[in-house]
Number of protein chains: 2
Amino acid sequence: MAQKNILQYVLLGLLKNESLSGYDIKKAFEKDIGEFWQANHSQIYPQLKKLNERALIDKKIVIAGEKLEKKVYFITHKGLQSLNEWLISPTPELSINKNEFHLKLYFVSDKDDSILPIMLQEQIHLHKTKLMNLKERRDILFENQKNRENNYGHYLVLDYAIQREEHHIAWLNHHYH
Amino acid sequence: MAQKNILQYVLLGLLKNESLSGYDIKKAFEKDIGEFWQANHSQIYPQLKKLNERALIDKKIVIAGEKLEKKVYFITHKGLQSLNEWLISPTPELSINKNEFHLKLYFVSDKDDSILPIMLQEQIHLHKTKLMNLKERRDILFENQKNRENNYGHYLVLDYAIQREEHHIAWLNHHYH
DNA sequence: CGGAACATGTAAAGTGTTACATGATTCA
DNA sequence: TGAATCATGTAACACTTTACATGTTCCG
């Protein structure tokens, strides 16, 4: 879906509590955020520039090592306002869900098609791996109750992802056996 | 994600069992297919044209009423081959999941933020409505066992969507109360 | 000292949405 | 006869990915 530039709010949200470089943000997309939003560095860097120009974020140059100039961004008052407006706005759209596996499944009409178990098995393997990774992340991030309370939303979405994967695997197994 | 033109396979898949016009296909996206893939008519018509040029589908002109020319497409042998190659190919990518609600949730750090129950309630309502629609569709399409066996993949994905919504609602309720 | 990771950008091509455009048919 | 739906298309814009491009730092 071509959104109303949701990426900008992701960047603002990530900068809400800490200063980050474009590279740090790119890393965030590869981990937690990647669970429900994706973006490459080729989108991130230009968007940070735009947000900077619109004064929603500001930056300071940090020298790493001998001469490497890191641009470390932080949110401005204006940016914080913009973020909050988005946060309190309704979210009437259901998630965008494009699922190539379900698409293929849809086109298998025969209950006894020999490809069905192969397809299911592949997905079971994929989702088991994913579940393991998610659980590992939860254990590292939220082993103690305190982190959970200070990053409640993060805990919630990770918890959701884990339950989703568990249910998905159960469903796949149910139709596989 | 910029896919490797998955849309073409959706069109081929839909044309596998019956001849359809671009408009028919557009309608299919608004119903069943829309659950796991989306496309507008502005993508569909040009893609049908391309598939026709590549001889993966063919068309016949049908006059509706007095002079309305409908283009009714059907799959060719070549198209069927292409579809089958796609169907048996691995599906190593997990689904694309962009979820604005989870994104917002992620940025709510305080467990007692007053916005949390409002956000959850909105989602509960949305997903309950969706669940109702899905169940209605299942009841209409698969009330009898026969349809289920002749359109097994379709039944599977609808069943999955229903279970997914039920679990989602349970999860939302669990954190709402 | 070499490879992996850090760090930042732009360009080109592909995908997707919204808007523009037009006309026919059906049904009340 | 007018409104909703059927029916087909293009244009402009927005978003996303992949490729191109370059240089630094860290660590073994």
[X] side chain N/O closer than 4.0 Å to the phosphate oxygens (OP1, OP2) of [N]?
X	N	value
B:N40	C:dT17	yes
B:K98	D:dT16	yes
B:Y23	D:dT8	no
A:Y45	C:dT8	yes
B:K27	D:dC6	yes
A:K26	C:dC6	no

In whole angstrom, give the distance that lies between atom [atom1] of [X] and atom [atom2] of [N].
X	N	atom1	atom2	value
A:I25	C:dC6	CD1	C1'	15 Å
B:N5	D:dT17	CG	C1'	14 Å
A:Q8	D:dC15	CD	P	9 Å
B:Q43	D:dA11	CD	P	16 Å
A:L68	C:dT8	CG	P	8 Å
B:Y9	C:dT15	OH	C1'	15 Å
B:K67	C:dG23	NZ	P	10 Å
A:W37	D:dC15	CH2	P	10 Å

Over 12 non-hydrogen atoms of neighbours within 6.0 angstrom of CD in B:E30: yes
Candidate pair B:W37 and A:N99, rule side-chain contact (heavy atoms from CB on, under 4.5 Å), full reasoning: CA-CA 7 Å; B:W37 209 267; A:N99 191 313; 5.9 Å; no
Derivation and outcome, side-chain contact (heavy atoms from CB on, under 4.5 Å), residues A:Y73 and A:D24: CA-CA 10 Å; A:Y73 292 94; A:D24 294 332; over 6 Å; no
Bend angle of the helix from C:dC1-D:dG28 to C:dA28-D:dT1, end axes from five pairs each (to 10°): 40°
Sugar-phosphate only, base, or nothing, as touched by A:S21 at under 4.0 Å among non-hydrogen atoms: sugar-phosphate
Same cluster (ILVMFWY, side-chain, under 4.5 Å), B:Y45 and B:L20: no
Aromatic ring proximity, centroids under 6.0 angstrom, A:H175 and A:W171: yes
Backbone N/O of B:Q43 and side chain of B:Q47: donor-acceptor pair under 3.5 Å: no
Of the listed nucleotides C:dT8, C:dG16, D:dT25, the one nearest the side chain of A:K70: C:dT8
Most 5' of A:K71 and B:H41 on DNA chain C, judged by nearest nucleotide: A:K71
Any N/O donor-acceptor pair, A:S42 side-chain to D:dT18 base, under 3.5 Å: yes
Residues A:Y160, B:H168; criterion ring-ring contact (aromatic ring centres under 6.0 Å, His included); working and verdict: CA-CA 8 Å; A:Y160 173 75; B:H168 199 159; 4.8 Å; yes
Ionic contact status for A:E143 with A:R148, cut-off 4.0 Å: no
Residue whose closest nucleotide on DNA chain D lies nearer the 5' end, A:I63 versus B:D24: B:D24
Along DNA chain D (nearest heavy atom to each residue), the more 5'-positioned of A:E66 and B:K49: B:K49
